[in-house]
Amino acid sequence: MRLDMDVHTRIEGDGQPEIAPQAFRVLFVCLGNICRSVAAEHVFNAKVQEAGLADHVESDSCGTAAYHIGQKPDSRMLAALSRAGYAYNGHRGRQFSRRDFAAFDLIVPQDNANYEDVIAMATTPEEMAKVVPMSAWFADDCPLHEVPDPYYGPEAGFDEVVSLLAGAASQMVSDIERAES
């Protein structure tokens with residue numbers, strides 16, 4: 001997936017560009033917001049920081065279900081993030097809402113079920129266009145078509161998800177950098 005959007009200019013309702021550029025906002029979505037989406041948020045934020053884009057690219061994460069609202073991420077995911085060198089930012093679980101379509105420029109579901117849940121809430125073609133699955137940024141030789149949910153598997157699955165997300169986040173940041181130039 002290559003971003004064809006200008007990360008600096010936003011268009012107002014009257015079709016005119018805004019005077020001051022806003023941050024380009026990315027929202028990562030999974031089921032409960034305690035494993036995959038929160039890991040994607042943390043990894044992406046680190047890649048944005050490394051690229052020197054933190055002053056105008058932001059991200060957040062949420063879940064499609066209300067299971068873990070207000071909770072910290074799964075301890076196994078926090079451990080996997082820590083092993084990979086990513087620090088926990090204090091995120092607490094929250095649920096996706098219709099307001100997120102207006103608040104974010106890009107909405108990135110982690111699996112096909114998350115994608116379908118988010119798309120089902122979209123009411124306009126513009127909202128639908130904001131929703132792009134995480135797999136769009138997987139390496140060409142990656143056999144996966146979605147981010148696997150490590151929740152019910154062995155601890156190694158959390159490390160594998162972090163590694164998969166690191167590659168995808170790097171590609172996303174590269175796409176954002178290209179869109180800027």
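Each residue takes its place number in the sequence, starting with 1. Please read these numbers as outputs of a predicted model, since none were measured by experiment.
The nearest pair of heavy atoms linking Ala103 to Arg25 is O-NH1, 3.1 Å. The shortest heavy-atom contact between Leu164 and Cys142 is CD1-SG, 4.0 Å. In plain terms, the two heavy atoms of Met172 and Phe44 that are nearest each other are CB-CE1, 4.0 Å. The two residues Met77 and Ala39 have their closest heavy-atom pair at SD-CB, 3.6 Å. When all heavy atoms of Lys47 and Ala169 are compared, the closest pair comes out as CG-CB, 4.0 Å. Between Cys30 and Gln110, the shortest heavy-atom distance links the atoms CB-CG, 3.9 Å.
Formation of a donor-acceptor pair under 3.5 Å by the Thr124 side chain with backbone atoms of Glu127 is found in this model. In terms of modelled atom types and a separation under 3.5 Å, the side chain of Ser82 and the main chain of Leu78 share no donor-acceptor contact.
The stretch residues 93-118 participates, sequence neighbours left out, in these ring pair (Phe, Tyr, Trp, His ring centres under 6.0 Å) pairs: Phe96-Phe101.
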Which is it for Val108 and Val26 under the side chain to side chain contact (heavy atoms under 4.5 Å, CB included) test, yes or no, and what are the steps along the way? CA-CA 7 Å; Val108 186; Val26 179; 3.9 Å; yes

Please assess Asn45 against Gln49 for the test side chain to side chain donor-acceptor pair (under 3.5 Å), listing each intermediate value before the final yes or no. CA-CA 6 Å; Asn45 284 343; Gln49 185 74 31; over 6 Å; no

Side chain to side chain contact (heavy atoms under 4.5 Å, CB included) assessment of Arg98 paired with Thr123: CA-CA 9 Å; Arg98 287 246 343 110; Thr123 59; 3.4 Å; yes

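Defined by atom type and a distance below 3.5 Å, a donor-acceptor pair is present between the side-chain atoms of Asp111 and Asn114. For the residue pair Glu41 / Ser37, no side-chain donor-acceptor distance below 3.5 Å is found, with atom types taken as modelled. Side-chain polar atoms of His42 and Asn89 form a donor-acceptor pair below 3.5 angstrom. No side-chain N or O of Asn112 forms a donor-acceptor pair with one of Glu116 less than 3.5 Å apart. Inspection of the His68 and Asp74 side chains reveals no N or O donor paired with an N or O acceptor under 3.5 Å.
For Arg76 and Asp159, the salt-bridge test fails: no basic side-chain N is under 4.0 Å from an acidic carboxylate O. A salt bridge is defined here as a Lys NZ or Arg NE, NH1 or NH2 lying under 4.0 Å from an Asp or Glu carboxylate O, and Arg36 with Asp149 meets this definition. Between Glu155 and Arg83, at least one side-chain N (NZ, or NE/NH1/NH2) sits under 4.0 Å from a carboxylate O, which counts as a salt bridge.
The distance from the CG atom of Asp100 to the CG atom of Asp60 is 7.5 Å, given to the nearest 0.5 Å.
By the 6.0 Å contact criterion, CZ on Arg99 is open, its count of non-hydrogen atoms from other residues, nucleotides or ligands being 12 or less. Heavy-atom contacts from other residues, nucleotides or ligands closer than 6.0 Å to CD of Gln71 number more than 12. No more than 12 heavy atoms of other residues, nucleotides or ligands sit less than 6.0 Å from atom OH of Tyr67.
With a 4.5 Å cut-off on side-chain heavy atoms, Met128 and Val131 do not count as touching. Residues Arg92 and Ile69 form no side-chain contact, since every pair of their non-hydrogen atoms from C-beta on lies 4.5 Å or further apart.
Val132 and Phe28 fall within a single hydrophobic cluster, where Ile, Leu, Val, Met, Phe, Trp and Tyr side chains are chained together by heavy-atom contacts under 4.5 Å. Clustering ILVMFWY residues whenever any of their side-chain heavy atoms sit less than 4.5 angstrom apart, transitively, puts Leu53 in the very cluster that holds Trp137.
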